[in-house]
Amino acid sequence: MIRIYDTALGNLVELDLRDDNRMAMYVCGPTVYDTPHIGHGRFGLIFDVLRRYLQFMGIEVTYVSNVTDIDDKIIEKANQVSSSTAEIAAKYEQEWWDVMDALGILRPTHTPHATQYVTQMVEVIAHLVEKGLAYNTVEGVYMEVEKIPGYGLLAHQPLDTLKSGARLMVCSSHKRSPLDFVLWKPAKPGEPTWDSPWGKGRPGWHTECVTMALDLLGEDFDLHGGGADLAFPHHENERAQAQGLGRRFARRWMHNGWVVVEGEKMSKSLGNFVSLKDLVEQTDPRSYRLLVLRSHYRSPLEVTKRTILDAQDALQRLDALKRRFENPDILPDSLPDPLNRELAQATKQFHDKMEDDLDTPAALAVIFDLVRKANTLADQGQLAYGALVAGEVFSLCQALGLFAAVTDNNLVDDEITKLVNSRDQARLAGNYALADSLRKQLLAKGWVAEDTPVGTKLRHA
RNA sequence: GGCGGCGUGGCCGAGUGGCUCAGGCAAAGGUCUGCAAAACCUUCUACAACGGUUCAAUUCCGUUCGCCGCCUCCA
């Protein structure tokens, strides 16, 4: 079984599932108040790959990812543009799914919304108050963090240290401790509100995830994930509430590293690429997936125009392989022995790497080695064997959600077909000057003509 | 102030106490090709600095320098 780095334990652990062959995971989703950026894309891709890989291995995955559709920032935005919070949330949620779809990220099994869970959240908060773990003030209901043993697990810091850190920052308020966090916020004029035993108001952010996770996945679910910054305080606070309720929470915690976009230089050269929408519109969306997979999920990932284009070029290798082995005439059942063993070994290595804390860079290296192998076999005239190896490449790519694309020749219009035919004629007649000029014309129209033993092939430039 | 991470060749990025030190992109040369493209082969630059441990360190330990994250809403 796969091993992952558990943030709570601080080392690698087997992901032993609560139920055999079933994975229950919760990944914190977006607060829908603005356009999604490349950082969202990274975490979406990473957890998508984890999910796909497990599914590829025959595990049934329940993937829950919430949508925070009521929050200070949404209210702020709504006020700014004189819109309602519901409209803002709907607009950015749509954008969210649009880009996630474009990136090839599978839709979660469930996407609970905060506003649909208010009643249940109120129950959770009431329960915590009842147990004496939360207290009501004029500023809202707060969770009393010091009553939770082991608070600071995910931060890897003892309570006192956290407290001294927190004191450096803000303060004020009716909190008993600077670390106490708000469970219920009293209404301000003009804000959307819900009824509660503590008056009209709305739930604090940290409560929705606990409530939804426990509701949809049940106690002791397998994995809770999100961006590195979420570990503390967000996830810590979810834990605290679950613990306060006396309910078992996530077995494992997994956090992905940050996307680094170099300040000034980056924004100038990259500009619009910071927004995911621009990224997927201006580049092959697969290239960002490849770029993300080429670094380890816990490392910081620097995204630049250059690295994206670099990934896009690397993708060409896969696409070229796909073109080459598009329609294998005959596929042998298996490879002769030395080759067979090599292939089996490569496949095993791929899985070993994936299961070693999702070492996608190493897994990709295995894939690219197989690409070479397939091409070499074909170059040596063993096309069928090459096709078999290429088939394994495509299969493994599936586990990563990375698909090779084939040029769709059906989209070629008459004009292009004419040019190609004329060029073929010219070549047959030995009129290479004309042939080359026709090639240039094709290129100008965005097509690359490749001469192969089986005729001229076209692909997009 | 506290906690944590990082510094690898032109670029991105794995990894390892020693043996041929991933992979991708780029560059150079070659094979193939009418020319290209694709593919394959070959080559080129490495492990921030300084100490220490060791028969042997890029890999372990320490120090220094540089960069970054978290402790506050954040993927």
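Chain naming here is simple, since letters A, B, ... match the order of the sequence lines and numbering starts at 1 in each. Note that the structure is a prediction, hence the values are computed from the model and not measured.
- Within the nucleic acid shown, Val259(A) comes within 4.0 Å of at least one base atom, counting heavy atoms only.
- Nucleotide C40(B) has G30(B) as its partner under the Watson-Crick or G-U criteria, with both atom distances under 3.5 Å.
- Nucleotides A75(B) and U16(B), compared at atom C1', are 32 Å apart to the nearest Å.
- For the C1' atom pair drawn from C25(B) and G13(B), the interatomic distance equals 11 Å after rounding to whole Å.
- In this structure, Leu290(A) places its CG atom 10 Å from P of C25(B), rounding to the nearest Å.
- Taking atom P in both U58(B) and G51(B), one finds a spacing of 13 Å when rounded to whole Å.
- Mapping Phe232(A) and Tyr432(A) onto RNA chain B via the closest heavy atom, the residue that lands nearer the 5' end is Tyr432(A).
- Of all nucleotides present, only G2(B) satisfies the Watson-Crick or G-U wobble test against C70(B), with each distance under 3.5 Å.
- Taking a centre distance below 5.5 Å and an interplanar angle below 30 degrees as the stacking criterion, Trp258(A) does not stack against the six-membered base ring of G69(B).
- Residues from residues 95-115 of chain A lying near RNA chain B, meaning a heavy-atom separation below 4.0 Å, are absent.
- Across all strands shown, Phe368(A) has heavy atoms under 4.0 Å from sugar-phosphate atoms exclusively, and none from any base.
- Among pairs with a residue in residues 40-50 of chain A, those fulfilling salt bridge (charged side-chain N to carboxylate O under 4.0 Å, His left out) read Asp48(A)-Arg52(A), Asp48(A)-Arg289(A), at least two apart in sequence or across chains.
- The distance from atom CZ of Arg298(A) to atom C1' of C70(B) is 16 Å, rounded to the nearest whole Å.
- With sequence neighbours excluded, the residues that form a salt bridge (charged side-chain N to carboxylate O under 4.0 Å, His left out) with Lys348(A) are Asp352(A).
- Only the C1' atoms considered, U53(B) is 14 Å distant from U59(B), to the nearest whole Å.
- Across all strands shown, G17(B) remains unpaired; no Watson-Crick or G-U wobble contact has both distances below 3.5 Å.
- Comparing A48(B) with C65(B), their C1' atoms sit 8 Å apart, to the nearest whole Å.
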B/S/- contact track for nucleotides 8-14 of chain B, protein heavy atom under 4.0 Å: --BSSSS
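- Across all strands, Ala314(A) comes closer than 4.0 Å only to sugar-phosphate atoms, never to a base (heavy-atom distances).
- Put simply, CD on Gln157(A) is 17 Å from P on G69(B), counting in whole angstrom units.
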Protein N or O to nucleotides 35-39 of chain B N or O, pairs below 3.5 Å:
{"unit_1": "C35(B)", "atom_1": "O2", "unit_2": "Asp436(A)", "atom_2": "OD1", "d": "3.4"}
{"unit_1": "C35(B)", "atom_1": "O2", "unit_2": "Arg439(A)", "atom_2": "NH2", "d": "2.9"}
{"unit_1": "C35(B)", "atom_1": "N3", "unit_2": "Arg439(A)", "atom_2": "NH2", "d": "2.5"}
{"unit_1": "C35(B)", "atom_1": "N4", "unit_2": "Asp451(A)", "atom_2": "OD2", "d": "2.5"}
{"unit_1": "A36(B)", "atom_1": "N6", "unit_2": "Asp451(A)", "atom_2": "O", "d": "3.0"}
{"unit_1": "A36(B)", "atom_1": "N1", "unit_2": "Asp451(A)", "atom_2": "N", "d": "2.8"}
{"unit_1": "A36(B)", "atom_1": "N3", "unit_2": "Arg439(A)", "atom_2": "NH1", "d": "3.1"}
{"unit_1": "A37(B)", "atom_1": "O2'", "unit_2": "Glu450(A)", "atom_2": "OE2", "d": "2.9"}
{"unit_1": "A37(B)", "atom_1": "O2'", "unit_2": "Arg459(A)", "atom_2": "NH1", "d": "2.8"}
{"unit_1": "A39(B)", "atom_1": "O3'", "unit_2": "Asn375(A)", "atom_2": "ND2", "d": "3.1"}
{"unit_1": "A39(B)", "atom_1": "O2'", "unit_2": "Arg324(A)", "atom_2": "NH1", "d": "3.4"}
{"unit_1": "A39(B)", "atom_1": "O2'", "unit_2": "Asp379(A)", "atom_2": "OD1", "d": "3.3"}
{"unit_1": "A39(B)", "atom_1": "O2'", "unit_2": "Asp379(A)", "atom_2": "OD2", "d": "2.5"}

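- Of the charged side-chain nitrogens involved, none lies within less than 4.0 Å of a carboxylate oxygen, so that Asp222(A) and Arg252(A) do not count as a salt-bridged pair.
- Across the C1' atoms, A14(B) and C70(B) are found 26 Å apart, a figure rounded to whole Å.
- Checked for salt-bridge contact, Glu76(A) and Lys73(A) miss the test: no charged N lies under 4.0 Å from a carboxylate O.
- Nucleic acid contact for Gly39(A): base, since at least one base atom lies under 4.0 Å from a heavy atom of the residue.
- Protein atom NE2 of His235(A) is 14 Å distant from nucleotide atom C1' of C70(B), rounded to whole Å.
- Listed in residue order, the members of residues 341-358 of chain A having a heavy atom less than 4.0 Å from RNA chain B come to none.
- One atom, OH of Tyr63(A), and another, P of A75(B), lie 14 Å apart when rounded to the nearest Å.
- The separation of U20(B) from G15(B), taken at their C1' atoms, amounts to 15 Å, rounded to a whole angstrom.
- The CG atom of Asp180(A) sits 12 Å away from the P atom of U72(B) (whole-angstrom rounding).
- For Ala374(A), the side-chain contact (heavy atoms from CB on, under 4.5 Å) test picks out Leu321(A), Phe325(A), Val389(A), Ala390(A), with sequence neighbours left out.
- Judged as a ring pair (Phe, Tyr, Trp, His ring centres under 6.0 Å), not a single pair has a partner in residues 274-307 of chain A (not counting sequence neighbours).
- A46(B) makes up no base pair with any nucleotide shown, lacking Watson-Crick or G-U wobble contacts both under 3.5 Å.
- Here the two rings, on His255(A) and His235(A), have centers that are under 6.0 Å apart.
- Between Ile70(A) atom CD1 and C73(B) atom P there is a gap of 17 Å when expressed in whole angstrom units.
- Side-chain atoms of Met254(A) and Tyr5(A), non-hydrogen and from C-beta on, never get closer than 4.5 Å to each other.
- Applying the side chain to side chain donor-acceptor pair (under 3.5 Å) test to every pair with at least one member in residues 376-388 of chain A, sequence neighbours left out, gives these pairs: Arg324(A)-Asp379(A).
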Give the table of side-chain donor-acceptor pairs shorter than 3.5 Å for residues 150-159 of chain A, with sequence neighbours excluded, one pair per line with atom names and distance.
{"unit_1": "Tyr151(A)", "atom_1": "OH", "unit_2": "Asn237(A)", "atom_2": "OD1", "d": "2.4"}
{"unit_1": "His156(A)", "atom_1": "NE2", "unit_2": "Thr7(A)", "atom_2": "O", "d": "2.6"}

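- Classification of Arg202(A) and Glu191(A) as a salt-bridged pair holds, one side-chain N sitting under 4.0 Å from a carboxylate O.
- Atom C1' of U45(B) sits at a distance of 12 Å from the matching atom of A26(B), rounded to the whole Å.
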Distance-only donor-acceptor hits, side chain of residues 433-446 of chain A, under 3.5 Å, sequence neighbours excluded:
{"unit_1": "Arg439(A)", "atom_1": "NH1", "unit_2": "Ala449(A)", "atom_2": "O", "d": "3.1"}
{"unit_1": "Lys445(A)", "atom_1": "NZ", "unit_2": "Glu415(A)", "atom_2": "OE2", "d": "3.2"}

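- Cation-pi geometry between Arg427(A) and Tyr432(A) is not satisfied (NZ or CZ under 6.0 Å from the ring centre, within 45° of the ring normal).
- For Thr111(A), there are no side-chain hydrogen bond (donor to acceptor under 3.5 Å, both in side chains) partners, not counting sequence neighbours.
- Whole-Å rounding puts the Leu402(A) CG to G23(B) P distance at 18 Å.
- Proximity of His113(A) to Glu93(A): side-chain heavy atoms (C-beta onward) are separated by under 4.5 Å at one or more points.
- Shown here, G51(B) forms a base pair with C61(B); the pair counts as Watson-Crick or G-U wobble because both key distances fall under 3.5 Å.
- Looking at heavy-atom distances under 4.0 Å, Gly257(A) makes contact with a base.
- For CD of Gln345(A), the number of neighbouring non-hydrogen atoms (other residues, nucleotides, ligands) closer than 6.0 Å is 12 at most.
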